Amino acid sequence: MTSDQSASPIVLPSDSAQELAAPAIPAAATVPRQATPVEPDARPPATPAAGAAPDGARAPTAPGGAPDSGAEPAARWGGRFAARLVIVGQRARANPAAEKLGGHLPLVLVTLAVLAGAVLRFATPSHLWLDESLTVEIARRPVGELLDALRHDGAPPLYYLLLHGWIKLFGDGDVAVRALSGLLSLATLPLAWVAGERVGRLATAHGNGAADTPRRVARATLLLFACSPYAIRYGSETRMYSLVVLLVLAFGLTLVAALAASTRPRLALLTLATTALVYTHYWSFLLIFTVAAFLLLQSRRRPAYRRPVLRAFVAMACSAVLFAPWMPSFLFQMLHTGTPWAPRVQAQVLLDTVFDWAGPQSTGALLGLVLLGGALIGLTARPDGRELAVKLSGRTPGRYLAAVWLAPLTLAYVVNMFGGSAYAERYTGISLPACLMLAALGLSVLPSRRWRSGVLIVASLSGLIGGYQLARVERTQASEIAATIVAQARPGDVVAFCPDQLGPAVYRALTRLGATDLRMAVYADETGPALVDWVDYADRMQRASGDEFARELHELAGPNQAIFLVKADGYRFLEGACSLVSEQLNIRRDRSVEVNKRPLYEGAWLERFGTLR
């Protein structure tokens, strides 16, 4: 039973007590022991020569072995310089301002890391790629047309309506439309601090943390969110994923508040948070179903909490009433849109998701291991003096966070295997907050202050490096292709897209360059290049003919106009259709390659077909 006493919230581990007391010890108290060996006047004159002997060129000497009168021996000069540095360091440590700065050094480092993560959310130079271009094109339309376009796109409307209002205020430039996601991502940081503090407080209340654990968990959670490559990546992209992460945190905080005191205002906020989630991304249903099942289970296992738990469950269920107006569009999307581009995944994807969150392989492997290791500690361990007491069945609140992290992803995997829905890394933001808070809890209960600080520094640096790589990488060749077309095309030339998914990004770039006198054609899609019609997409692509599309392009261009074909292979359900279009056009016209496909997220070829054969 001694281990239980050591884990009490009142009794701190020895290193924790030292950590709390450390700022009260003046840094200058250690100076006398350090200053004695480096007193400059006490060093024998011959001592520096030992350092200079291997390299005679450093200390020129006269024929009797005496130093050259024109140059002081390098080693003697270096010794005096080192001694002078020590004296300067002693004076700096004795300076009250330096001592004060040293006491605030953790705060300074945390602030710098948060600021770096904030800047990276607004630092991407890439042109808008397919999903972003689609989002902006839908959001800039009148509300009625916006909602109708979403029926063919397959997404819920909340983010698009927010972006619609944002564009009205700030325009639809690349920087402007991405700034909304950046601000939403920044808004998660204060919520992450509050959520981390509550996790730490709950751990301490159950004997799984020390008195300062809430502060530690809050700080670690803030750092992991601020430096998260996933958060940085989607904070710099015009999509709804930053809003999803923000609403997941808001949902969790309102749920905890409603369980603590089920007042009407708190229950109403829970209903609104749940509604906002399902109006933002449909994967939110997986998270809500997980939490609802957990509430029902708790109401049966813990009768004392049955009343607040059932009230919270009912408040979440009331969101169905607010979602009812969108239900016809939702059902149409489920029956006709789906995710035809998504392949099947293996069960390993549940582990891969953590490393996807952690960024590129160069730094993602390290950060991924830190997150997994921290999550394992947060799930099973509590501090016990200078050691950790491990309970394999899990501790509170670690097992709750683990369930909210893993259960929705497992459901998503099952749906992908048997229901045909996509499992995409960007959709998994519904589980990111729980994983990061669990890892923050694990890192915060490490018994050694050095380990806690060191691992957090490693996690922050690797996250920022990975986030920088993701934010700065070019995502599409749309801008390069559009610039080439504008430089070469004449009024009336034809620009064709195969597949249609290459259309929105290049079309946006062309229109922003003022190329409005070109004729556009899209493979197997009559809606034009600005949008992609996902309704019955797979059937439509499989029915289309590459040879027929090439014939139509040839006739549309006629003998006097050129055809610019933007194409790429490897898209699902198109097989080799786009290469067939190119070959058929080459039979009829001379072909030249103007832009080679690069290994980008959205690369493409640009081919020009001019003179008739």
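Since the model is a prediction, treat every value here as computed from it, not as a measurement.
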Report summary line: Separation between OG (Ser133) and CG (Asp172), nearest 0.5 Å, reads 11.0 Å
Query raised in the report: Is the closest side-chain heavy-atom distance between Leu409 and Leu286 below 4.5 Å?
Result: no
Query - Any side-chain donor near an acceptor of the partner, Glu137 and Tyr507, under 3.5 Å - result: no
Report task. Quick one: pull up CG in Leu158 and CG in Leu163 and give me the separation to the nearest 0.5 Å. Result -> 11.0 Å
Query raised in the report: With a 4.5 Å heavy-atom cut-off, do Pro125 and Arg472 have their side chains touching?
Result: yes
Query - N/O donor-acceptor pair under 3.5 Å between Gln333 side chain and Leu150 backbone - result: yes
Query raised in the report: Can you tell which of Tyr423, Tyr413, Tyr230, Trp405 makes a side chain to side chain donor-acceptor pair (under 3.5 Å) with Thr353?
Result: Tyr423
Query - Aromatic ring proximity Tyr523/Tyr571, centre distance under 6.0 Å - result: no
Query raised in the report: Once you round to the nearest 0.5 Å, how far does SG of Cys498 lie from CG of Asp525?
Result: 11.5 Å
Query raised in the report: With distance as the sole criterion, is a donor-acceptor pair present between the side chains of Asp500 and Tyr537 under 3.5 Å?
Result: yes
Query raised in the report: Between Tyr241 and Tyr427, what is the ring plane arrangement, given parallel below 30°, perpendicular above 60°, and tilted in between?
Result: tilted
Query raised in the report: Are the ring centres of Trp326 and Phe330 closer than 6.0 Å?
Result: no
Query - Mutual orientation of the aromatic rings belonging to Tyr601 and Trp129 [parallel < 30°, tilted 30-60°, perpendicular > 60°] - result: perpendicular
Requested in this report: Output the distance between atom CG (Leu438) and atom CZ (Arg399), rounded to the nearest 0.5 Å.
Outcome: 12.5 Å
Query - Backbone of Ala226 reached by a side-chain donor or acceptor of Arg121 within 3.5 Å - result: yes
Query raised in the report: Can you tell me how far the OH atom of Tyr400 sits from the CZ atom of Phe294, to the nearest 0.5 Å?
Result: 5.0 Å
Query raised in the report: Does CZ belonging to Arg140 count more than 12 external heavy atoms closer than 6.0 Å?
Result: no
Query - Heavy-atom closest pair, residues Pro157 and Leu147 - result: CB-CD2, 3.9 Å
Query raised in the report: Is the closest side-chain heavy-atom distance between Thr274 and Ile288 below 4.5 Å?
Result: yes
